[in-house]
Amino acid sequence: MTECYIRVAEDENEEPMEIPSEEDGTVLLSTVAAQFPGACGLRYRSPVSQCMRGVRLVEGVLHAPESDWSNLVYVVNYPKDNKRKMDEMDAASAVKIKRGVQKTSDLIVLGLPWKTSEQDLKDYFNTFGEVIMVQVKRDAKTGNSKGFGFVRFTDYETQVKAMSQRHMIDGRWCDCKLPNSKAGPDEPMRSRKVFVGRCTEDMTADELRQFFMQYGEVTDVFIPKPFRAFAFVTFLLFFSLYGYNLFCVGHSVCPHI
DNA sequence: GTTGAGCGTT
């Protein structure tokens, strides 16, 4: 099997998004989660039985149901806990990962050509999704571009998409990143690193990674040596929390600023 | 009139 794209959607009736497989034909859960934050698996409707079937998931790797993914539309699974009412505020339900309520934030666009205008930026990013705002930062006196700007999208999924790739704008490669200077005005407590308390000595970095990847792409797991009963898990994107949380295996989690 | 890692006049 070779590299291909599989069609993935939030719901059977929603427009699918194409997601790349690996060279061996498998699909990484982290690739799915990059477009559908909080995803923990995939399912599909069997053309034979007409029942929903789960896609085999082994250690973060999704395996094609048959010899290949064929042309089916795969539907994203989310942890069952996400569907619980938030007023329970227990365990995993306290973690804000539900898709669609994620607020967008301004993204800094680095590496713009000097000639690129706000209209150029808007025209370019509108091909990803609805754009709320674009700015090109300029020298106050001369009006010359400083070579960077900002963009804000309506939908968080568009923002994630924009951040996940490089951009060819007017002949130069540009990057969209979360600005480190100013956070959004009404953002909740956010961090890319969470403190994981009450760890047991037998917990491995890989186990932590496997667990937390349902909330987003994990970029680092730190376990102090010698054993100190805590760990840090760092995400690629900001990880929004309502506050101090417990997750389902009973270990405490809180943001690390 | 130049430049090419960075971080936002209102």
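Below, chain A is the first sequence line, B the second, and so on; all start at residue 1.
For A:Tyr44 and A:Trp69, the distance between ring centers is not under 6.0 angstrom.
Near DNA chain B, meaning a heavy atom under 4.0 Å from it, residues 139-149 of chain A has A:Lys146, A:Gly147, A:Phe148 in order of number.
Whole-Å rounding puts the A:Leu112 CG to B:dG6 C1' distance at 12 Å. Going from atom CG of A:Asp170 over to atom C1' of B:dG4 covers 16 Å, rounded to whole Å. The CG atom of A:Asp175 sits 17 Å away from the P atom of B:dG4 (whole-angstrom rounding). A:Phe150 places its CZ atom 8 Å from the P atom of B:dT9, with the value rounded to the nearest Å. Nucleotide B:dA5 holds its P atom 10 Å from the CH2 atom of A:Trp114, rounded to whole Å. Whole-Å rounding puts the A:Lys137 NZ to B:dG4 C1' distance at 19 Å.
Around the OH atom of A:Tyr5, the shell of radius 6.0 Å holds no more than 12 heavy atoms that belong to other residues, nucleotides or ligands.
Taking both residues in full, the closest heavy atoms of A:Cys176 and A:Ala162 are given as CB-O, 3.8 Å, listed atom of the first, atom of the second, then distance. Listed here is the closest heavy atom pair of A:Gln159 and A:Phe153: CA-CD1, 3.8 Å.
Between A:Phe230 and A:Phe232, the ring-plane angle classifies as perpendicular under the 30° and 60° cut-offs.
By the salt bridge (charged side-chain N to carboxylate O under 4.0 Å, His left out) test, A:Glu14 pairs with no residue at all, sequence neighbours left out.
Where A:Arg138 and A:Val109 meet DNA chain B, the nucleotide closest to each residue was compared, and A:Val109 sits on the side nearer the 5' end.
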